[in-house]
Structures are given as structure tokens and as C-alpha cells.
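Take a look at the structure below.
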Amino acid sequence: MLLIDLARTSAAVAADSARLAKIRHLAELLGRVGPDEAETAIAYLSGELPQRQLGVGFASLRDLPEPRLAATATLSRVDGLLRRIKAQSGPGSQAARKALLDELFASLTRPEQTFLSRLIRGELRQGALDGVMIEAVAKASGAPAAEVRRALMLRGWLPAVGAAALSGGVEALRAFTLEVGRPVSPMLAQSAPSVAAALERIGGPAALEWKLDGVRVQAHRSGDAVSVFTRALEDITAQVPELVEAVRALPLTDLVLDGEVIALRPDGRPEPFQVTSGRVASRTDVARARRSTPLSVFFFDALRVDGADLLDLPDDTRHAELARAVPAELLTPRLVTGDVARAEEFFGDAVRRGHEGVVVKSPGSPYAAGRRGAGWIKVKPRHTLDLVVLAAEWGSGRREGRLSNLHLGARDPAGGFVMLGKTFKGLTDELLAWQTERFLALAEGPADGWTVKVRPELVVEIAFDGVQRSSRYPGGMALRFARVVRYRPDKTPDQADTVETVRSLML
DNA sequence: TTCCGACAGTGGGGTCGCAAT
DNA sequence: ATTGCGACCCCACTATCGGAA
């Protein structure tokens with residue numbers, strides 16, 4: 001199959017806003033692709049590369065060679081060149097990558113270049129990723145979408161699952177099972193504004209657990225072989241020896257456990273997320289990193305205990321199995337209650353101890369791998385500040401032509417404003433239109449084509465999760481997960497919150 | 001007919017490791 | 001030694017479609 005076939009299908013998918021139409025376009029192409037190219041086609045059309053990452057990003061794709069006029073590149077040829085690009089390493093590798101990239105792009109027509117460039121950057125923007133591709137695979141193969149989805153959660157890689165479905169139908173999909181040593185897409189949580197709201201949504205007694213601000217881990221053990229994966233299914237076994245040892249020390253030898261690793265201070269309070277994250281990312285001298293920043297692990301779920309798969313069992317049953325496999329000190333603190341007051345007390349206690357909040361779990365829910373099901377609901381405290389808009393950046397995609405990303409400043413009592421970060425979240429289309437007009441009227445200083453500086457006159461209420469240390473911003477601090485709540489036309493900039501107020505929240 | 005679950009898109013800050021400068 | 005880049009850790013929120021109610 002030719003790359004141009006995929007580029008055309010992708011364009012058709014992007015042109016139709018209806019999901020069912022997108023599915024039809026994708027399924028039609030999947031019906032034509034041969035078995036040896038099915039995996040590549042499914043990957044490309046769901047916005048993934050079979051190589052996962054290439055070492056090529058936005059910067060390497062800035063100036064591309066002139067396109068050709070005739071479309072002749074096959075999927076196999078493109079895939080082969082991408083494989084060679086990924087394989088480059090060591091001194092001279094960046095030049096070698098660039099040379100291969102130029103060779104590849106010089107063999108493509110303009111629409112192919114556009115498609116592949118977006119794909120490599122991870123910005124296909126055709127309105128179809130895994131969720132839509134699952135339906136397309138189901139339609140093209142005749143297998144129920146639920147079977148495709150289940151195989152995906154067990155295998156973690158849709159192109160492989162889709163190719164199997166196309167060649168072997170439902171039978172092939174059922175061959176995907178939970179395999180120790182191969183990560184499963186982790187279950188995700190929805191969020192709620194309060195514990196009461198979360199309990200209400202679950203509608204009855206629920207299990208509450210501390211939400212630790214660390215890195216999600218899935219630990220597998222078969223005999224003495226232990227492996228550890230992140231939320232995105234990256235293998236981090238070598239970076240977390242403490243966790244490997246802890247799992248190896250358990251009495252049961254056939255396990256898949258779900259939990260969180262976190263760096264704790266000697267007094268038991270959590271280190272800032274930055275510390276845990278940096279420790280987990282350290283690869284070059286793990287022994288040294290371990291001495292300076294030891295990790296603790298807390299488990300909250302079990303997908304397999306003593307050789308038995310638990311995915312389809314209710315949460316309370318899985319937790320009972322977890323408690324059987326793991327000593328109490330490795331369990332995430334948990335309270336089962338239907339009482340709102342007790343639940344709120346548990347939440348308050350977790351937050352006072354420095355943790356992020358709680359996750360409220362429905363006791364009857366199975367492990368909904370890879371989905372943000374209603375079974376888990378996270379609750380975190382929300383802070384707000386009234387800040388001043390210092391500038392805005394032009395948006396992209398559906399925000400093209402709108403001023404989108406806001407630069408936020410706190411008032412400096414000595415005069416002026418100190419930038420604390422940016423946000424694009426929380427804005428409705430109506431607000432985007434309004435602020436674009438308003439900012440252009442307030443514009444000042446030279447425009448660089450990307451950022452519009454504005455006179456600091458607009459006060460905006462910003463919600464955020466916390467204040468973190470920053471080397472990027474002049475005040476030495478930045479907001480975590482900042483989002484717009486509303487504009488405050490009733491406030492003037494001299495009524496905005498001060499840098500001191502923000503600093504007092506950094507503790 | 002209305003409601004709501006699931007998805008995709010639009011970007012945020014921080015850190016590490018590597019190659020180039 | 002420093003800088004730029006890519007990859008990946010954490011993520012919130014809105015708009016939209018289409019099946020459920």
C-alpha cells in the first residue's frame with residue numbers, strides 16, 4: 001500500500017466531523033491493506049509510529065526538502081527508513097538522522113509530507129486516535145468493539161491488536177490474555193470537586209484511598225523475575241531497585257500489582273513531585289540516586305495474585321486479594337465508608353499530611369484498564385488566586401486566530417508584576433473570542449508574531465493545584481496545573497494577589 | 001427529546017540524558 | 001561547561017458526537 005492512500009484517508013477523516021463517518025473512512029482503508037502492512041497502517045492512522053519514538057521532533061522537521069510530484073512511496077519503504085532513523089546513536093547521529101529524514105521527505109509529495117510530518121510530531125489532528133480506531137478495526141474485522149477494546153487493554157498496543165483482528169477475527173483477539181511481564185493499560189480516574197460529590201456519584205459506600213503525588217507503577221512478578229512499568233507502559237525496572245526488592249520479598253511469586261512510588265522525607269511527609277520525578281527519571285547512577293533520594297512504594301490494586309487474574313472482579317475483592325499478597329505497610333491507606341463526614345475527615349487528614357488528596361472507588365467496579373471509568377474518582381483541594389494577564393499567545397488548531405495561552409502575573413508590592421506561568425485551560429469559545437478582541441485593544445510593545453503583550457489591566461481568577469519551585473520564572477516559582485475560573489471585571493490590578501501570598505503557598 | 005459518557009484537542013511545568021556548540 | 005532537543009513524568013478543561021434514558 002502507498003503512503004498517499006493513508007494521507008488521503010487521513011484527510012477524509014479530518015474533513016468529516018461525524019465519528020461514524022471517520023470510522024467508515026478508516027474501516028474502508030483497513031479492508032484494503034495487506035496483512036504485512038496492516039500494523040503500520042493502523043499505527044499511522046491512529047497517530048502512532050510503530051517505532052514509538054524516533055529522536056525526531058518539531059525542530060528537526062522545520063525545513064523539509066522540496067516535495068516530488070508523483071506519489072510512489074510504499075508503507076514498507078517509509079517504515080524501513082523510520083527504523084533506520086531511530087537506530088542512529090552516538091556522535092554524528094543528529095546529522096545522520098537529518099540526512100535520512102531528508103532522503104525520506106524528498107521522496108514524498110506535499111500531502112504525504114504534511115501527513116508524515118504531523119504524524120512524527122504527534123499532531124495528526126484528524127479527530128481520530130485509539131478510540132475511533134478501535135471502532136474502525138471492529139467494523140473492518142467483524143469483531144465486536146468490546147473484544148477489540150479488551151485485547152487492547154491486555155496488549156497495550158492497538159496496531160498489534162488491530163492487525164490480529166483483521167487477520168484472525170474474534171478468535172485472534174481472544175488469544176490476548178494478561179501476561180506477566182507485559183504491561184496492561186492502567187485504569188484512570190475521573191475527578192470530582194468534593195468528596196461529597198464523589199460519594200454521591202458512586203451512590204453508596206465507597207473505598208477512599210490517599211492520592212500520593214508520585215509516579216504510577218505496575219509491578220509484575222513471575223518467580224524471581226520482576227519488572228516495573230509506568231502509566232505509559234515504559235519499562236523503568238532498572239530505575240527503581242527498591243521496588244524490585246520489595247516485590248521480590250513478597251511471599252507470592254505470581255503477581256501483577258498497581259501502585260505509586262514516591263520519595264518521602266525522613267519524617268514521612270512526601271517530597272515535592274519534582275523530587276520523585278527526577279529520581280525515577282535518573283538512569284545513569286541509580287545507586288547514587290537511591291542513596292540520596294530513596295523511594296517508597298504503596299500499592300492500591302492487584303490485577304493478578306498467585307496466578308489468578310482479577311481484572312473482572314469487583315474492587316473490594318481485588319483489594320482483599322491485594323491485602324493477602326502485600327504487607328500492611330506497603331498498602332495505600334484506605335477507608336471504606338458511606339458516611340460523608342468520615343470521608344471528609346479522611347480527605348482532610350491526607351491533605352494535612354502533605355498528600356494530593358484521595359481517590360474514591362466504587363467497591364463493585366471491575367478494573368477498567370485504559371479508561372477513565374466511573375469506578376475511580378479523584379478529589380483534590382483547589383486553590384485560587386486573582387492574577388493579572390501580562391500577555392497572550394496565538395492559539396493553534398481549532399484555536400487558530402484566537403489569543404489563547406495567557407501569561408499570568410502576581411502583583412509585586414514594590415511595583416509591577418511577576419510572571420508565574422501560563423494557562424490555556426478553562427476557556428470557552430465565547431471567552432476566547434472575547435479575550436482576543438479585548439487583548440488586541442490592550443496590546444502594547446512590539447509584537448513578535450507569537451505573543452501579544454498587553455497592558456496589565458485585566459484580573460483573572462486562576463485555579464491551581466500548588467506552587468512549585470521554578471528556574472524558568474523570575475520569582476523562582478510557578479503554578480502547577482493553572483486554569484482559568486473566570487475574569488474579574490470587578491477587580492483592578494492593584495487588587496490582584498501579591499507575590500508574597502503566592503510564596504506563602506509554596507511550603 | 002434530552003442527557004451524559006467517551007474522545008480528541010489544546011496546551012501547562014519540570015527533569016533527565018544526549019549530542020552539538 | 002552550556003545549550004537545545006526529545007522523551008516522559010505529572011496533568012485540566014471544553015466541545016462534540018452519538019448512544020442511553
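Between Arg483(A) and Gly57(A), the one whose closest nucleotide on DNA chain C sits nearer the 5' end is Gly57(A). A residue-by-residue look at Ser191(A) and Thr230(A) shows that Thr230(A) has its nearest nucleotide of DNA chain C further toward the 5' end.
Of the side-chain N and O atoms in Ser60(A), one or more sit less than 4.0 angstrom from OP1 or OP2 of dG6(C). Regarding contacts with the backbone of dT10(B), every side-chain N or O of Asn405(A) stays at 4.0 angstrom or more from both OP1 and OP2. At least one side-chain nitrogen or oxygen of Lys380(A) sits closer than 4.0 Å to the OP1 or OP2 atom of dA12(C).
Among dC9(C), dC7(B), dG12(B), the nucleotide with an atom closest to any side-chain atom of Phe273(A) is dC9(C). Side-chain proximity of Lys378(A) to dA15(C), dG14(B), dA12(C): nearest is dA12(C).
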Atom pairs under 3.5 Å, N or O on each side, protein against nucleotides 18-21 of chain C: can you list them with distances?
residue: dG18(C); atom: OP1; partner: Arg19(A); partner atom: N; Å: 3.0
residue: dG18(C); atom: OP1; partner: Leu20(A); partner atom: N; Å: 2.8

N/O contacts under 3.5 Å, protein versus nucleotides 17-19 of chain B?
residue: dG17(B); atom: OP1; partner: Arg283(A); partner atom: N; Å: 2.7
residue: dG17(B); atom: OP1; partner: Thr284(A); partner atom: N; Å: 2.9
residue: dG17(B); atom: OP1; partner: Thr284(A); partner atom: OG1; Å: 3.1
residue: dG17(B); atom: O4'; partner: Arg283(A); partner atom: NH2; Å: 3.3
residue: dA19(B); atom: OP1; partner: Gly90(A); partner atom: N; Å: 2.6

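The CG atom of Leu129(A) sits 6 Å away from the C1' atom of dA8(B) (whole-angstrom rounding). We find that NZ of Lys98(A) is positioned 15 Å from C1' of dA20(B), with the value rounded to whole Å. Rounded to an integer number of Å, the gap from Leu403(A) CG to dG11(B) C1' is 15 Å. Counting to the nearest Å, the P atom of dA8(B) and the CG atom of Asp16(A) are 16 Å from each other. Arg125(A) places its CZ atom 17 Å from the P atom of dT16(C), with the value rounded to the nearest Å.
Defined by atom type and a distance below 3.5 Å, a donor-acceptor pair is missing between the side-chain atoms of Ser117(A) and Thr114(A).
Residue pairs satisfying the salt bridge (Lys or Arg N to Asp or Glu O under 4.0 Å) criterion with at least one member in residues 6-20 of chain A, sequence neighbours excluded, are absent.
Taken residue by residue, residues 210-219 of chain A places heavy atoms nearer than 4.0 Å to DNA chain C at Lys211(A), Gly214(A), Val215(A), Arg216(A). Of all the residues in residues 470-481 of chain A, Ser470(A), Arg472(A), Tyr473(A), Ala478(A), Phe481(A) reach under 4.0 Å from DNA chain B with at least one non-hydrogen atom.
Among residues two or more places apart in sequence or in another chain, the ring-ring contact (aromatic ring centres under 6.0 Å, His included) test is passed with Phe464(A) by His383(A).
Taking each heavy atom of Ser60(A) and Leu101(A) in turn, the nearest pair found is O-CD2, 3.7 Å.
Separation of atoms CG (Leu331(A)) and CZ (Phe300(A)) is listed at 11.5 Å; rounding is to 0.5 Å.
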